[in-house]
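One structure is given here, and the rest of the page talks about it.
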2 protein chains.
Amino acid sequence: MSTDHLSLALSALAHPVRRDILANLMSGERTVTELADPFDMTGPAITKHLKVLERAGLIERSRDAQRRPCKLRADPFREIQALLRVYQPFWDESFEKLDILLAEEDNRVEE
Amino acid sequence: MSTDHLSLALSALAHPVRRDILANLMSGERTVTELADPFDMTGPAITKHLKVLERAGLIERSRDAQRRPCKLRADPFREIQALLRVYQPFWDESFEKLDILLAEEDNRVEE
DNA sequence: ATCTTATGTTACTACTTGGTAAAGTAACCA
DNA sequence: TGGTTACTTTACCAAGTAGTAACATAAGAT
């Protein structure tokens with residue numbers, strides 16, 4: 001596996017369960033059981049997915065008694081957006097305008 | 001592994017070598033040897049990466065005598081962009097404006 | 001025909017991933 | 001103290017990934 005920032009974020013997103021978890025987290029903090037609930041999957045499996053997301057910096061975790069709530073982190077998404085902008089000329093002219101619009105946040109593509 | 005469209009595209013992008021290959025393809029069609037050249041890696045390894053990219057729909061391959069040139073395909077990038085827009089409210093307000101601007105192309109997030 | 005170049009396939013290895021069941025820990029509750 | 005809830009760790013398995021070396025094929029050049 002590649003361990004750079006961007007690769008971690010992309011491969012974390014490359015699983016429907018993890019994308020669903022992130023979508024659930026959009027409405028705020030969630031505990032592990034709340035996140036596990038919609039899935040037909042054991043606890044440990046969810047724990048593993050959460051670790052992948054945490055390692056990729058897509059979520060952060062806190063502590064509330066015996067609960068370990070998760071919440072979204074934004075930064076990796078920006079990095080992915082920056083990556084897409086690299087390939088942009090090849091797939092969507094309309095995003096060129098956008099590029100100009102948002103020129104102030106020129107996140108560099110690392111890798 | 002997850003075999004849905006979007007997961008395939010994201011995990012294909014989750015490797016620096018494959019991102020480099022895509023970047024090289026931005027300047028036009030390339031043969032396998034041309035693509036392999038910058039990397040300290042055997043031919044078969046590159047062939048495998050190309051298969052991953054092809055399976056994800058990120059490139060397409062043609063035939064020119066004994067060469068099998070590769071070129072970029074756009075579609076999966078749009079899908080990824082659509083995914084990002086789902087999480088967008090959480091990471092960049094400035095992209096909200098964009099959302100409105102580009103509302104006509106409302107690609108659905110599948111998975 | 002044969003050599004060379006370009007590319008692909010097969011077989012193998014080491015490692016990672018995504019899942020399970022079962023046991024372990026940690027905090028609150030009675 | 002003992003039970004319950006919430007979550008993690010460990011040990012395991014099957015499948016997938018990323019690489020290699022060696023061999024196979026295909027087309028063009030001599």
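In the text below, chain A, chain B and the rest are named by the order of the sequence lines, each starting its count at 1.
Counting only residues at least two apart or in different chains, ring pair (Phe, Tyr, Trp, His ring centres under 6.0 Å) contacts with residues 18-46 of chain B are absent. Pairs passing the side-chain hydrogen bond (donor to acceptor under 3.5 Å, both in side chains) check and including a residue from residues 45-54 of chain B, sequence neighbours excluded, read B:Arg18-B:His49.
Residues of residues 41-53 of chain B that place a heavy atom closer than 4.0 Å to DNA chain D, in numerical order, are B:Met41, B:Thr42, B:Pro44, B:Ala45, B:Lys48, B:His49. A heavy-atom distance below 4.0 Å to DNA chain D is reached by these residues of residues 60-68 of chain A, ordered by number: A:Arg61, A:Gln66, A:Arg67, A:Arg68.
Under the rule for a side-chain contact (heavy atoms from CB on, under 4.5 Å), A:Gln66 has no partner lying at least two apart in sequence or in another chain. Judged as a side-chain contact (heavy atoms from CB on, under 4.5 Å), and not counting sequence neighbours, the contacts of A:Asp64 are A:Arg67, A:Pro69. Applying the side-chain contact (heavy atoms from CB on, under 4.5 Å) test to B:Asp37 and every residue at least two apart in sequence or in another chain returns nothing. By the side-chain hydrogen bond (donor to acceptor under 3.5 Å, both in side chains) test, A:Ser62 is found to be paired with no residue, residues two or more places apart in sequence or in another chain being considered. By the side-chain contact (heavy atoms from CB on, under 4.5 Å) test, B:Ala36 is found to be paired with B:Ile46, residues two or more places apart in sequence or in another chain being considered.
Separating the CZ atom of A:Arg19 from the P atom of C:dG18 is a distance of 12 Å, rounded to the nearest angstrom. The interatomic distance linking B:Asp37 (CG) with C:dT5 (P) rounds to 14 Å, in whole Å.
When A:Lys71, A:Arg55, A:Arg68 are each tested for a salt bridge (charged side-chain N to carboxylate O under 4.0 Å, His left out) with A:Glu60, only one passes: A:Lys71.
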